[in-house]
Structures are given as C-alpha cells and as structure tokens.
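Report on one structure; see the data block that follows.
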Amino acid sequence: MLQFLTENTDFTVIGVIGTPGCGKSTIMNELYGYFDATSSGMLPPFAIQSEETKAMGKHCTSGIEPRISTERLILLDTQPLFSPSVLAEMMRPDGSSTIPLLNGEPLSADLAHELIGIQLGTFLASICHVLLVVTEGVHDTNMWNLMLTVDLLKHGIPDPSSSTLSHSQGVNLVTEKEMNNNLQRSGDDHLASPIFVHTKLEDQDLAPHKVLRLRKRLAQYFSSSSFMRLNHGSTSKERICPVSAPDIKINDLGLRELSLVLLPYRNQDDTEGAQYESFNTMLGKLRDQVLSMTCQSFARTVSEREWLRNSARIWDIVKKSPIFAEYGKTLQNSGMFRS
C-alpha cells in the first residue's frame, strides 16, 4: 500500500467491522466512489460475496484490506467477526488454534477467534477517524458488546501521531519500556468516531416507533462508554433512516446519542408510493454523512506514509498489550467466551 500513499496530511481513515454477510464491503465500495459497473466489466475495489461464495460458506476478506480513494480516503475493509468460516480456517483437528496469542500459550480456536476480533476492533478504533460498526438486523447485539470491550481494553494504545511511535526503531519493534510508557500516557489515546449501521432491515423494523426504540437502546447501551465522550458538546447526530422517525430527541429523554444508520434490504426500489426509501438511496446518504463528519483529529499532523508506519507499530502494541493479555487469560480461565 505504501506506494499509493504520499506526504499529504489532509486525509481521513475509515474502517469497518461487522458480522458475516452484513454488507461491509458493499458500504466500503460506496465510500470509495465505486458504482455498479457490471456492464463495463469494472471490478469493485473491495470484493463482495457472490452467490457461489455464500453457498460454500466462505468469506471474501481476510485480515485487513486497505484502499485509498482519489478523495484521499484511506478505507480499511476487514474480515468478518464471529465468522464460522474464519474459525474453521484457524482450527486444528484437535480444536486448538493455529494462530499464537497470549505469548504463544496454546488456546482453543474458539477463544483465539474471539480475541482476534477484539484485537481487530481495538486496532481500528486506535488508527481510524471513523469506524463503521455493521450488524445485520436489529436484534443481534454482539457487535455492541464487542465495542464495549474495545472501550475497556483500549487504554494505553497511543495516537497514530504519537512522537513515541515516530522515534521507535524499525516497523514492528516495540520494547517493553515503550509498552509501559504507553500505558502511563493516557493523554495520547485516540478513539475513532463510531457509526452504528444496521443492514438488511425488514419493513416492520423500520416502523417509526421501532426506530425510536432502537435509538434509545443504543444510547442506553453506551451511556457510560468513552464513545459518548466523543459526542459531548457536538451537534445532534443525524439518524439516517428510510422513513421519517418521530420528532423526539434522545436528549429530551436524558440520553446522549450516537450516530445510527438503518439500511433496508437491497431489493427495495424507489418506486412511486413506496413506503420507505431504497437501499441505494440510503447508502448514498450514508456516504454523504461520513464525508461531511467532523471527527476527532490525531494529536498532531501526520502524513499518510507516517500514519501507515505508525499503524504497523500500533498493531504490535495491541498484540503485546498486558491489559489485553490479562483479559484473555481471564476469559480462558472462566470459560466465558463464544464456543
């Protein structure tokens, strides 16, 4: 990716995490500025699931796949979280993980799979300006739970513009002294602005009273989190929804509000008399909101290339974080992880 980056300092980093088949790559293609060009034979910048891929139970994205648009948007698509196909790839016949975590201690694949998802969320929350948190439907709160865990474990992960990172030697070399310094320097913490996106919604999910209920649930769920601190003092968050919701502000109910986007099923059209706006219309509105957002800046100005170098070091810090290691051991000893 380095060859596509410059010394430009006016750029925005947008990441996405979400469950399998929820439409992460489709959303990222929209942000990139790609429009369906099947007739011209152009391939999208981010691969999307074909019917064959779905039938085989496979995922399209592995790890993190970066792209940069002409608008200097650095887009980070990611492998699905809570994914049976990702779990299958990292599981040995005896059920252990092929990927070493927690200082190389043997782990079950189920536990390693969950920890990698938390690491990925923590990493993106540390290096992005905006983080899209995508879930299919309105009843699954696994992504909400993961983001609360990210908020818990992110302490001590430095800002991508941190001078500590810039002075480190090598790309992925982080010493124990640097790790301890990072943990003591909470002022360097950076937290991406989250946008919670719920996709593939049925008509009944878009009823005004249900939209209001979801907004209240989201605000209550994260009421004590650091993500609410990001929104303090800002203008009220726009809620992108295919139907006009009740004119009730969550603030009037004593709650702050996070950015929420609701996307209907893709097969809905903008036909005359349609009850709700279509998927394509709402996807365009999501792009407009993301591009017009005022996000938390990094502590100091960095170039695209410096951001990339420091991000590699931050990934190393996330993997070696003693707080994360302690959390992983607690999960392992308690057995309270997905299996």
Side-chain angles (χ1 to χ4, degrees), residues 5-6 8-18 22-36 44-46 66-77 124-135 147 159-161 190-199 201 206 211 214-215 218-219 222 226-245 247 249-251 256-264 270 276-299 301-304 307:
L5 300 182
T6 69
N8 168 55
T9 59
D10 185 15
F11 64 96
T12 302
V13 186
I14 304 171
V16 64
I17 53 174
C22 64
K24 299 184 302 298
S25 298
T26 299
I27 293 171
M28 296 305 269
N29 283 331
E30 176 76 16
L31 295 176
Y32 185 88
Y34 170 83
F35 302 97
D36 191 0
F46 297 103
R67 301 288 187 274
I68 184 161
S69 74
T70 56
E71 297 166 302
R72 310 317 291 176
L73 300 178
I74 298 176
L75 304 171
L76 306 177
D77 195 6
L124 291 178
S126 302
I127 67 168
C128 295
H129 295 102
V130 179
L131 180 56
L132 303 174
V133 183
V134 188
T135 302
M147 291 306 294
D159 186 304
S161 66
H190 167 82
L191 194 61
S193 298
I195 299 179
F196 292 87
V197 185
H198 288 258
T199 64
L201 301 189
L206 299 171
V211 172
L214 181 61
R215 287 167 52 197
L218 180 65
F222 289 92
S226 301
F227 297 111
M228 284 299 186
R229 172 175 53 82
L230 296 175
N231 296 284
H232 182 60
S234 63
T235 57
S236 60
K237 296 298 173 184
E238 180 181 359
R239 294 159 306 275
I240 297 182
C241 174
V243 62
S244 296
D247 189 20
K249 296 180 180 179
I250 296 294
N251 292 341
R256 297 176 186 168
E257 193 163 7
L258 292 167
S259 294
L260 174 66
V261 175
L262 304 180
L263 297 178
D270 280 322
Y276 305 119
E277 291 182 292
S278 71
F279 171 84
N280 289 332
T281 298
M282 301 315 303
L283 194 59
K285 288 187 176 182
L286 169 58
R287 184 177 195 272
D288 292 342
Q289 178 184 355
V290 171
L291 296 184
S292 63
M293 282 183 66
T294 301
C295 309
Q296 183 182 19
S297 302
F298 300 137
T301 301
V302 290
S303 69
E304 296 169 355
W307 168 85

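Since the structure is predicted, the reported quantities are computational estimates derived from the model, not experimental observations. Residue numbers start at 1 and run along the sequence shown.
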Quick check for you: to the nearest 0.5 Å, what is the distance between S259 atom OG and L218 atom CG? 9.5 Å
With rounding to the nearest 0.5 Å, note down the distance linking SG in C128 to CH2 in W307. 7.0 Å
Before giving the answer on side chain to side chain contact (heavy atoms under 4.5 Å, CB included), spell out for L291 and L73 the whole-Å C-alpha distance, their side-chain angles and the decisive distance to 0.1 Å. CA-CA 9 Å; L291 296 184; L73 300 178; 3.4 Å; yes
Check: P264 and L206 side chains under 4.5 Å, non-hydrogen atoms: yes
E71 versus T12: any side-chain heavy-atom pair under 4.5 Å? no
Would you say F46 and L75 make side-chain contact, with heavy atoms under 4.5 Å? yes
Taking only residues two or more places apart in sequence or in another chain, which ones pass side-chain contact (heavy atoms from CB on, under 4.5 Å) with S297? none
Are the side chains of L76 and I127 in contact, using a 4.5 Å heavy-atom criterion? yes
Residue list, side chain to side chain donor-acceptor pair (under 3.5 Å) with S303, at least two apart or on another chain: E7
Applying salt bridge (charged side-chain N to carboxylate O under 4.0 Å, His left out) to E30 and not counting sequence neighbours gives none
Side chain to side chain contact (heavy atoms under 4.5 Å, CB included) assessment of V16 paired with L31: CA-CA 11 Å; V16 64; L31 295 176; over 6 Å; no
Rounded to the nearest 0.5 angstrom, the CG-CZ distance for D77 and R67 is 8.0 Å
Looking only at non-hydrogen atoms, find the nearest pair between F227 and P194 and report the distance. CD2-CG, 3.6 Å
Quick one: are H198 and L260 in side-chain contact, heavy atoms under 4.5 Å? yes
Should Y32 and I14 count as side-chain neighbours, where that means a heavy-atom distance under 4.5 Å? no
Just checking, any donor-acceptor pair under 3.5 angstrom between side chains of N8 and T6? no
Are K285 and E277 close enough, and set up right, to give a side chain to side chain contact (heavy atoms under 4.5 Å, CB included), and what steps lead you there? CA-CA 11 Å; K285 288 187 176 182; E277 291 182 292; 2.9 Å; yes
What pairs with T26 under side-chain contact (heavy atoms from CB on, under 4.5 Å), at least two apart in sequence or on another chain? I48, R266, F279, L283
Evaluate the criterion side chain to side chain contact (heavy atoms under 4.5 Å, CB included) for residue pair M282 and L262; output intermediate values, then yes/no. CA-CA 8 Å; M282 301 315 303; L262 304 180; over 6 Å; no
Not counting sequence neighbours, which residues clear side-chain contact (heavy atoms from CB on, under 4.5 Å) with Q296? List them please. H190, L191, L230
Separation between CG of N280 and CG of L263, rounded to the nearest 0.5 Å: 10.0 Å
Tell me whether S161 contacts the main-chain N or O of A299 through its side chain, where contact means a donor paired with an acceptor under 3.5 Å. yes
Reference residue E304; test side chain to side chain contact (heavy atoms under 4.5 Å, CB included); the match among L5, T9, D10: L5
Here the gap from M293 atom CE to S193 atom OG, rounded to the nearest 0.5 Å, amounts to 4.5 Å
Would you give the length of the straight line joining atom CZ of F196 to atom CZ of F222, rounded to the nearest 0.5 angstrom? 3.5 Å
Measure the shortest side-chain to side-chain distance between L258 and M228 over non-hydrogen atoms and say whether it is less than 4.5 angstrom. yes
Only counting residues at least two apart or in another chain, list the ones meeting side-chain contact (heavy atoms from CB on, under 4.5 Å) with P44. N29, Y34
